[in-house]
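Data first, discussion second: the structure below is written as structure tokens.
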Amino acid sequence: MRDRSAVIEVRGLTKRYGTVVAVDDLTFDVPEGTVTAFLGRNGAGKSTTLRMLLGLDRPTAGTARIGGRAYADLERPLRAVGALLDSSAAHPGRTARDHLRWLAASNALPAHRVRAVLDLVGLREAAGRRVRGFSLGMRQRLGIAAALLGDPPVLLLDEPVNGLDAEGIRWLRAFLRGLAAEGRTVLVSSHLMAEVARTADHLLVVGSGRLLADTPLPAFLAEHTVGRVRVGTAQPERLRGLLLAAGATVTRDDDDGALRVAGVDAARVGAVAARHGVPLTELGADVRSLEDAFLGLTAPAPEAAA
Amino acid sequence: MTAALRAEWVKATTLRSTWLTLLAYVVAVAGIGVGVVASVGAAEAAEPDYDPGTIAFYGLNFGHVAVIVLAVLLTAGEYARQTVHTSLVAVPRRGRFLAAKLAVGAVLVLGTAAVTAVATLLLTQAVLGAPGVSLATPGMLRATVAAALYPTLLAVVCMAVGVLLRDQAGALGLLVPFFFLLSPLLELVPGLQRAAVFLPDRAGAVAVRLHSRPIDVFGPVAGLGILALWAAAAVALAWWALRRRDA
């Protein structure tokens with residue numbers, strides 16, 4: 001029943017530092033209740049865009065609004081928007097609980113929210129410890145707890161995957177999906193594009209400050225991974241021959257020996273393997289081809305003649 | 001505004017460095033005051049230009065180092081650790097953020113300095129014995145009040161400089177040598193004396209004296225006023241910079 005109206009509206013957003021253009025006439029919407037991945041290489045302008053959305057940096061031109069208002073005009077901003085900027089933004093000499101206590105005080109949030117978010121991110125045991133002794137992953141969790149403190153309908157997360165181990169990344173993925181399932185709007189930036197893309201409903205891809213793609217995830221996948229399949233088997237040479245005979249192009253993954261197949265889809269690969277009794281250990285979309293697609297898309301443009 | 005004040009209060013009081021610098025202030029002002037009075041107090045009291053305020057509060061100059069460190073940690077310290085981004089996301093109105101931060105810093109210094117001023121007066125005069133003065137001595141109450149206001153206003157100046165410079169080492173490197181060494185020395189240079197007394201800390205020091213010196217071209221209350229003007233100017237500059245700069 002949700003209307004998918006735009007919660008975040010960015011219009012002609014531009015940020016110049018002297019002659020360097022960090023963000024170049026960016027225009028996009030983030031619809032309500034979705035996870036939107038904001039992807040690009042390091043230095044593509046993602047953080048600068050988020051900082052302008054949060055009123056930290058002043059745009060050279062254009063506007064960035066959340067719920068129709070500039071961030072600085074929100075009276076209790078933490079109740080409207082939760083933000084994760086970078087993992088170092090808690091004072092090392094303060095305990096996790098005290099960090100959240102001052103944030104709660106700043107927006108007149110009830111004290112029980114501090115305990116609630118500490119539990120939510122799994123930092124209950126560490127609440128009384130100084131942030132100085134936290135691992136990068138724990139700092140990230142504390143940052144996410146801070147973002148959720150005001151129970152906000154909108155979340156802006158800048159590189160939340162940084163510093164998380166494999167388990168942490170999986171936790172974060174499920175967590176982001178959960179937030180969207182609750183009807184929240186999540187804008188999550190990352191330079192680990194394929195890693196985060198699969199969590200999202202919608203993709204925004206930027207390069208050199210410009211918008212390169214603004215597409216729903218299924219459309220992006222259809223365009224970039226159709227017919228690109230990854231197959232694992234104990235009989236790679238045999239399967240390779242069979243697939244070549246079926247008209248596919250097949251290469252071996254140098255890292256783990258899995259086959260990377262183009263030209264036929266996963267269903268066809270499965271059918272061929274089944275017909276010839278080749279046991280498969282793995283069959284799915286070739287995510288590395290997704291990573292390749294992102295890298296191709298965001299390849300630095302040749303420098304314009306100065 | 002109440003919420004912003006509460007947030008700054010929690011921030012300041014949950015850092016060990018805040019309490020350590022305030023403790024250092026108490027020890028410096030009271031300890032050095034008592035030490036000076038105990039060693040040279042009696043001899044000084046016999047001098048014709050004896051000023052009970054200046055001698056009792058001799059430790060203020062040293063206490064100011066603690067005040068400067070606290071002021072810089074509360075302001076430039078936020079930039080050193082990038083917590084200022086978190087702060088401005090929580091309180092995006094920059095004027096409100098600055099006002100809350102300055103108010104909390106000033107209240108912490110004022111409370112500490114007021115208690116320290118009274119304690120220092122009582123302790124030093126008890127040590128001094130017969131030639132000692134009390135709050136009932138004409139001018140001594142005013143000097144004691146000044147000994148609380150002077151460090152407070154100086155803290156405001158230093159917090160504003162911390163916001164302006166956004167750099168802990170830079171702010172400390174500027175403020176400590178300036179207020180601890182340069183400014184007191186300038187007051188001793190014959191040609192510069194009458195100008196030097198207008199510097200923030202020198203103007204404040206005038207307010208702690210009971211008797212004017214020949215170089216004091218203004219009285220104690222005006223001294224605090226001049227210091228307050230410095231503080232107001234520094235705050236205005238900090239506010240202007242904070243509003244127009246990217247965080």
Side-chain angles (χ1 to χ4, degrees), chain A residues 15 17 22 47-48 50-60 69-109 111 114 130-132 142-143 146-147 149-150 156 158, chain B residues 1-22 69-70 72-101 103-105 108 162 166 168 239-247:
Chain A
K15 181 71 182 180
Y17 298 100
S47 294
T48 309
L50 293 181
R51 292 169 53 79
M52 287 192 283
L53 261 169
L54 292 167
L56 289 174
D57 287 0
R58 185 190 292 255
T60 310
R69 300 167 76 182
Y71 185 86
D73 294 335
L74 299 169
E75 187 51 31
R76 295 262 180 267
L78 298 188
R79 293 171 189 257
V81 182
L84 172 72
L85 275 176
D86 47 44
S87 55
S88 61
H91 194 293
R94 222 175 256 130
T95 66
R97 186 183 292 110
D98 286 339
H99 176 64
L100 295 171
R101 270 181 59 223
W102 81 255
L103 276 169
S106 73
N107 276 243
L109 301 171
V114 171
R130 288 176 202 281
V131 175
R132 178 175 293 122
L142 179 59
L149 197 59
L156 304 181
D158 195 14
Chain B
M1 188 67 211
T2 328
L5 279 169
R6 240 183 239 134
E8 287 301 327
W9 179 261
V10 176
K11 275 158 88 173
T13 55
T14 52
L15 286 182
R16 214 161 9 188
S17 57
T18 301
W19 301 113
L20 287 176
T21 46
L22 289 175
V69 172
L70 174 63
V72 169
L73 286 177
L74 290 179
T75 52
E78 285 233 25
Y79 288 92
R81 299 179 176 85
Q82 302 193 339
T83 54
V84 68
H85 299 156
T86 314
S87 296
L88 289 175
V89 165
V91 183
R93 303 273 170 85
R94 306 221 171 155
R96 189 181 293 184
F97 165 70
L98 180 65
K101 188 170 272 299
V104 165
L108 283 170
R166 298 189 282 188
Q168 279 189 132
W239 178 76
W240 172 79
L242 190 64
R243 277 183 57 103
R244 64 181 291 279
R245 281 194 305 219
D246 287 342

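Every chain is numbered from 1, with letters handed out A, B, ... down the list of sequences.
- Of the atoms belonging to A:A83, it is side-chain heavy atoms, and not backbone ones, that fall under 4.5 Å from chain B.
- Options B:E78, B:R16, B:E8 differ in how many heavy-atom pairs under 4.5 Å they form with chain A, and the most are formed by B:R16.
- The candidate with the highest count of non-hydrogen atom pairs below 4.5 Å against chain B, out of A:H99, A:R58, A:R94, is A:R94.
- Only the side chain of B:R96 comes within less than 4.5 Å of a heavy atom in chain A; its backbone stays farther off.
- Contacts with chain A were tallied for B:V84, B:L5, B:L88, B:L15; B:L15 has the most, counting heavy-atom pairs under 4.5 Å.
- Using a 4.5 Å cut-off between heavy atoms, B:S87 contacts chain A through both its backbone and its side chain.
- Using a 4.5 Å cut-off between heavy atoms, A:L56 contacts chain B through both its backbone and its side chain.
- Between chain B and the options A:A108, A:P77, A:G150, A:G55, the largest number of non-hydrogen pairs under 4.5 Å is found for A:P77.
- By number of non-hydrogen pairs under 4.5 angstrom with chain A, the leading residue of B:R93, B:R6, B:R245 is B:R93.
- In terms of the salt bridge (charged side-chain N to carboxylate O under 4.0 Å, His left out) criterion, A:D73 has no residue partners (sequence neighbours excluded).
- Contact count versus chain B (heavy atoms, under 4.5 Å) is highest, among A:R76, A:M52, A:E75, for A:E75.
- Contacts between B:R244 and chain A at a heavy-atom distance below 4.5 Å involve backbone atoms as well as side-chain atoms.
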